Amino acid sequence: MFFNTVLTVLISSPKKYRVAEKFIKSPLFIEIDQDEIYAAALLQHVRAIDPTVRMKGNIKVSLDEANMKKLAQF
């Protein structure tokens, strides 16, 4: 059986997620520095969505394999 859902992780760009010690030490915040993305993945906000309903625009940037592996470790 196949489902038409994908897992998504919110990202946030405030500098505090990349420099404050409590966020750096926490496994729930992973820094992402790639192309146009300089943010932190907020792993406490993993969601499953139906992309045909929730995604209205085009994907502008995708994460590379190294960043995807970091997220997959969670």
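Heavy atoms only: backbone and side chains are in, while hydrogens, waters and symmetry mates are out. No experiment lies behind these values; they were computed from the predicted model shown.
- Residues forming a side chain to side chain contact (heavy atoms under 4.5 Å, CB included) with K25 (at least two apart in sequence, or on another chain): E21.
- Taking S13 as the reference, A39 meet the side chain to side chain contact (heavy atoms under 4.5 Å, CB included) condition, with sequence neighbours excluded.
- Here the side chains of I24 and E31 are not in contact, with every heavy-atom distance at 4.5 Å or above.
- Of all non-hydrogen atoms in K16 and F23, the two that sit nearest each other are O-CD1, 3.2 Å.
- Hydrophobic clustering (ILVMFWY, side-chain heavy atoms < 4.5 Å, transitive): I11 and V46 are in one cluster.
- Interatomic distance, I32 CD1 to I37 CD1, rounded to the nearest 0.5 Å: 6.0 Å.
- Within the model, atoms NE2 of H45 and CG of L28 stand 9.5 Å from one another, a figure rounded to the nearest 0.5 Å.
- When all heavy atoms of L42 and S12 are compared, the pair lying nearest together is CD1-CB, 3.8 Å.
- Using the six-membered ring where Trp is involved, Y17 and F29 have ring planes that are parallel, under 30° apart on the 30 and 60° scheme.
- Here the shortest heavy-atom pairing between P27 and L43 reads O-CD1, 3.5 Å.
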